[in-house]
2 protein chains.
Amino acid sequence: MSVTYRYPRPALAVDCVVFGLDEEDLKVLLIRRGVDPFAGRWALPGGFVRLEETLDEAARRELREEAGIEKVYLEQLYTFGAVDRDPRERVVSVTYYALVKLSEHRVRAATDAREAAWFAIDDLPKLAFDHETIVDKAITRLRGKVRYAPIGFELLPKKFTLTQLQRVYEKVLGYELDKRNFRKKVAATGLLVELDEVEQDVAHRAARLYTFDEKTYRKLEKEGFLFEI
Amino acid sequence: MSVTYRYPRPALAVDCVVFGLDEEDLKVLLIRRGVDPFAGRWALPGGFVRLEETLDEAARRELREEAGIEKVYLEQLYTFGAVDRDPRERVVSVTYYALVKLSEHRVRAATDAREAAWFAIDDLPKLAFDHETIVDKAITRLRGKVRYAPIGFELLPKKFTLTQLQRVYEKVLGYELDKRNFRKKVAATGLLVELDEVEQDVAHRAARLYTFDEKTYRKLEKEGFLFEI
DNA sequence: TGACGTGGTGTCGATTCGACACTAAGGTTC
DNA sequence: GAACCTTAGTGTCGAATCGACACCACGTCA
């Protein structure tokens, strides 16, 4: 079962930078490689694109197969095509970044006999291939995009407190924000709905829960509205 | 001369959306296809990626071969991978957009026996493949990027008047700007240098020429400075 | 019941923003 | 050369936005 083509062509892969936020840090999901090249090294989840699937489908399939992750925010990042980025042969990689709700996606560890783990973005191990470059690009993109698109919510559970939301922005952007100004701004978007609920099981005054009004946002977006924080 | 692989793989192409600005409009460069599929239709310049070249190199090569265009601003746009986007077989296309100084790049017409022409972006003919989608995406990206990156200059000659620069922004963004406010803003960037020259051969008061201080910009950029209009 | 920890709220000065109209200069025409 | 045509070039002011900043509220726990 092999195929023959008139001209040589690169192999085509997808790789995913999966971001998650826990109590401490913004983290990236890595998989430990079992085989050469780079056996034992940590790498991004990914694999080769099949003929009958789109690139997005390939990315989602790899996330499912390698990390048990489904139904996440996924967006194409960049396509890397240096000639020697894979020592075996020419491989072009279409990369994606994904945002997952870590609280709901306690990742399946050691799936398929492969080891998977989360690493804080400023404490990454040495990565296989050019995956460090890819992670850098993903962080830059995430930082840029979080300012003018409502993707911060993808890192939180459906119901969240304003303090949690502020933490998302602070961890992603890498600097602290003023609480009152932050609350003013998110309130000004008009896209947070205040719930009749407060958080549970905390050893202090419980904070009000909010949820993101995605329906209204989609409407406004079509009318040219720009979300900005 | 053919090759055999263990598993099937998509063909990999690059396609370029080349923008140019003339006296009237923002335009896109198209090539008329000579062969099926879509023979006779207009399409983006592009072609297949060779094993020994990077994606950027492939894009530049195609621009050179198909339109005689060299040394332009070029940036990767998106990778399109719908399964049936090419009726012949699975082709994944890494797309780029380019900005050219139309005044200096009077495009080589009918090169390689191929017909090439500029079309105003809101008067495009029907395009081959999914190239309309690609052009749409390129316009969206250009509109977003021109606001916070100094790429407008790429559409103008080295020396330009402030009115010309304003026209670039107006044509790209699709709406008019206030002359005084615009001049205040560009002056505030501190990145335009006033030359001791005025434009020539105009039938009215000649405007002062300016040039973009790219060196200073590169320095500031590294320090985290954000260009904004 | 008091201490602790986080939740939640408003003001003010500085800055930025957008709206807005006239004179200057150079070439063309009669 | 006078009138005219066309584009160049320039400043103000009110509105909106921004960032800096501090205290009381509420629930838990000892």
Side-chain angles (χ1 to χ4, degrees), chain A residues 21-24 103 146-148 152 156-157 159-171 173-212 224-229, chain B residues 21-24 103 146-148 152 156-157 159-171 173-212 224-229:
Chain A
L21 189 74
D22 67 8
E23 289 65 39
E24 288 90 41
S103 49
V146 81
R147 299 291 305 282
Y148 60 90
L156 289 177
K159 301 171 177 181
F160 50 85
T161 69
L162 294 182
T163 301
Q164 289 176 322
L165 185 61
Q166 185 175 344
R167 268 182 37 76
V168 168
Y169 279 83
E170 289 178 339
K171 290 298 177 184
L173 295 173
Y175 51 83
E176 301 202 336
L177 300 169
D178 177 84
K179 180 161 67 161
R180 278 176 291 190
N181 291 338
F182 179 80
R183 285 167 184 239
K184 255 187 291 178
K185 272 200 196 169
V186 298
T189 66
L191 290 171
L192 288 199
V193 296
E194 188 174 327
L195 301 176
D196 273 337
E197 265 178 276
V198 294
E199 58 181 340
Q200 301 297 320
D201 304 317
V202 285
H204 52 79
R205 173 175 176 184
R208 162 99 13 160
L209 291 175
Y210 288 80
T211 194
F212 175 62
F225 166 84
L226 234 192
F227 179 92
E228 258 185 289
I229 290 288
Chain B
L21 189 75
D22 66 9
E23 289 66 37
E24 288 91 41
S103 49
V146 80
R147 299 290 305 283
Y148 61 91
L156 290 177
K159 301 170 178 182
F160 50 84
T161 69
L162 294 183
T163 300
Q164 288 176 322
L165 185 61
Q166 185 176 343
R167 267 183 36 77
V168 168
Y169 280 83
E170 288 178 340
K171 291 297 177 184
L173 294 174
Y175 51 85
E176 301 202 336
L177 300 169
D178 177 85
K179 180 159 68 161
R180 279 176 291 189
N181 292 338
F182 179 80
R183 284 168 185 238
K184 255 187 289 178
K185 272 200 198 169
V186 299
T189 66
L191 289 171
L192 288 198
V193 297
E194 188 174 326
L195 302 175
D196 273 337
E197 267 179 276
V198 293
E199 57 181 341
Q200 301 296 320
D201 303 316
V202 284
H204 53 79
R205 175 176 174 183
R208 162 93 21 155
L209 291 175
Y210 288 79
T211 194
F212 175 61
F225 166 84
L226 235 192
F227 179 92
E228 260 184 289
I229 289 290

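Here the P atom of nucleotide C/dT6 and the CZ atom of A/F160 are 20 Å apart, to the nearest Å. In this structure, the CD atom of B/E199 is 12 Å from the C1' atom of C/dA25, given to the nearest Å. For the pair A/F182 CZ and C/dT9 P, the computed distance is 14 Å after rounding to whole Å. For the pair B/K179 NZ and D/dT6 P, the computed distance is 14 Å after rounding to whole Å. Rounded to an integer number of Å, the gap from CD1 of B/I229 to P of C/dG18 is 12 Å. D/dG19 atom P lies 17 Å from atom CZ of A/R183, rounded to whole Å. Rounding to whole angstrom units, CD of residue B/E176 and P of C/dC20 are separated by 14 Å. One interatomic measurement links the two molecules: NE2 of B/H204 to P of C/dT29, which rounds to 14 Å at whole-angstrom precision.
Across all strands, A/T163 comes closer than 4.0 Å only to sugar-phosphate atoms, never to a base (heavy-atom distances).
Using a 4.5 Å heavy-atom cutoff, the side chains of B/L21 and B/R167 are in contact. Side-chain contact between A/R183 and A/T163 is present, with heavy atoms from C-beta onward closer than 4.5 Å. In this structure, the side chains of B/L173 and B/V146 come closer than 4.5 Å at one or more pairs of heavy atoms. Using a 4.5 Å cut-off on side-chain heavy atoms (C-beta onward), B/Q200 and B/V202 make no contact. In this structure, B/F212 and B/T189 have side chains that are not in contact, with every pair of non-hydrogen atoms separated by 4.5 Å or more. For the pair B/L165 and B/F182, the minimum side-chain heavy-atom distance is below 4.5 Å.
Positionally, the nearest nucleotide of DNA chain D for A/K185 lies more toward the 5' end than for the other of A/K185 and A/A206. Where A/A203 and A/V198 each meet DNA chain C at their nearest nucleotide, the meeting point lying more 5' is that of A/A203. Heavy-atom nearest nucleotides on DNA chain D were determined for A/V202 and for B/Y210, and the one closer to the 5' end corresponds to B/Y210.
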Give me the distances for all protein-to-nucleotides 10-13 of chain C N/O pairs that come in under 3.5 Å?
{"residue": "C/dT11", "atom": "O4", "partner": "A/K184", "partner atom": "NZ", "Å": "3.1"}

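A salt bridge links A/E197 with A/K159: the closest approach of a Lys/Arg side-chain nitrogen to an acidic carboxylate oxygen falls below 4.0 angstrom.
Two rings, from A/F160 and A/Y210, have their centers 6.0 Å or more apart.
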message: Checking A/Q166 against A/K179 for the side-chain contact (heavy atoms from CB on, under 4.5 Å) test, could you report, in this order, the C-alpha distance in whole Å, the side-chain angles of both residues, the deciding distance, and whether it holds?
response: CA-CA 8 Å; A/Q166 185 175 344; A/K179 180 161 67 161; 3.9 Å; yes
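One donor-acceptor pair, N or O on each side, does fall under 3.5 Å between the base of D/dA8 and the side chain of B/R205.
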message: Both atom distances under 3.5 Å, Watson-Crick or G-U wobble: I'd like the secondary structure of DNA chain C as a dot-bracket string, with | for pairs made across strands.
response: ||||||||||||.|||.|||||||||||||
